[in-house]
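Heads up: the structure comes next, in structure tokens.
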Amino acid sequence: GAVVSQHPSWVICKSGTSVKIECRSLDFQATTMFWYRQFPKQSLMLMATSNEGSKATYEQGVEKDKFLINHASLTLSTLTVTSAHPEDSSFYICSASYFEERPGAEAFFGQGTRLTVV
Amino acid sequence: AQKVTQAQTEISVVEKEDVTLDCVYETRDTTYYLFWYKQPPSGELVFLIRRNSFDEQNEISGRYSWNFQKSTSSFNFTITASQVVDSAVYFCALSRFYNQGGKLIFGQGTELSVKP
């Protein structure tokens with residue numbers, strides 16, 4: 001299967017600072033990537049759709065100004081959590097798929113990033 | 001609206017037992033995809049299977065098997081002769097046919113614990 005790499009795998013930051021998480025498709029080009037958030041013992045909730053060369057599409061209830069998404073190239077999307085607070089502590093995971101070549105292709109997920117805001 | 005329900009929050013079995021994880025979905029689409037993913041303690045999601053709504057054939061892959069029944073909107077997952085390494089959270093997910101590159105709606109997940 002395709003490889004999606006996410007970095008860092010974990011990060012601890014102070015309240016009020018910003019944190020950037022990277023998601024890379026290593027062996028294929030992904031015009032669309034997705035960012036999910038997962039609280040402990042809960043399911044994955046889609047936060048936003050990251051589109052290469054255009055603005056991200058956010059799901060209802062997700063603060064655009066807090067979770068900045070940039071998809072500057074066909075292999076890289078970044079999620080920046082701005083002015084992080086303890087309630088932003090969570091597991092963030094990205095996914096990518098080459099659906100342009102295969103409609104319905106499965107999504108491949110990064111390793112996830114565990115963010116802890118202290 | 002689309003929805004996936006995994007009613008079993010936690011399941012605990014002893015090694016070598018068979019176990020079935022239930023998944024029920026709701027969608028108004030006539031064409032769609034269903035998926036199962038495994039999430040071990042490390043956190044990454046491992047793809048297990050994709051099934052499109054056109055194909056109701058059951059599938060077997062080693063100790064894993066899947067039963068897709070469109071009439072009851074279910075897509076159940078059975079592990080035969082479970083092993084300790086099967087311990088993980090398993091997610092069932094649904095996407096639209098033209099799924100925008102993997103936009104998935106996940107169930108709540110079932111945490112499987114296989115004890116030696």
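Remark: aromatic rings of Phe77(B) and Tyr64(B) are close, center separation under 6.0 Å. With ring centers used as reference points, Phe91(A) lies 6.0 Å or more from Tyr36(A).
Using a 4.5 Å cut-off between heavy atoms, Leu44(A) contacts chain B through both its backbone and its side chain.
Hydrophobic clustering, with ILVMFWY side chains joined whenever heavy atoms are under 4.5 angstrom apart, groups Phe75(B) together with Val4(B). Side-chain heavy atoms closer than 4.5 Å link hydrophobic residues (I, L, V, M, F, W, Y) into clusters, and following such links, possibly through other members, connects Val81(A) to Trp35(A). Tracing side-chain contacts under 4.5 Å through hydrophobic residues (I, L, V, M, F, W, Y), one reaches Val19(B) starting from Trp66(B); they form part of the same cluster.
In terms of heavy-atom proximity, Asp88(A) sits nearest to Arg37(A) at CA-NH2, 3.4 Å.
Remark: Ser42(B) pairs with Pro40(B), Glu44(B) by the side-chain contact (heavy atoms from CB on, under 4.5 Å) rule, at least two apart or across chains.
Using non-hydrogen atoms only and a strict 4.5 Å limit, the part of residues 106-116 of chain B facing chain A consists of Phe106(B), Gly107(B), Gln108(B), Glu111(B). Heavy-atom neighbours of chain A within the stretch residues 86-94 of chain B, taken at a separation under 4.5 angstrom, comprise Phe91(B).
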Review point. Under the side-chain contact (heavy atoms from CB on, under 4.5 Å) criterion, do Cys94(A) and Val4(A) qualify, and how do the steps go?
Key: CA-CA 8 Å; Cys94(A) 68; Val4(A) 176; 3.8 Å; yes
Side-chain polar contacts of residues 107-118 of chain A - donor-acceptor pairs under 3.5 angstrom, sequence neighbours left out - could you list them?
unit_1, atom_1, unit_2, atom_2, d
Gln111(A), OE1, Gln6(A), N, 2.8
Thr113(A), OG1, Gln6(A), NE2, 3.1
Thr113(A), OG1, Pro8(A), O, 2.5

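Between Glu22(A) and Lys20(A), none of the side-chain N atoms (NZ, or NE/NH1/NH2) sits under 4.0 Å from a carboxylate O, so this pair counts as no salt bridge.
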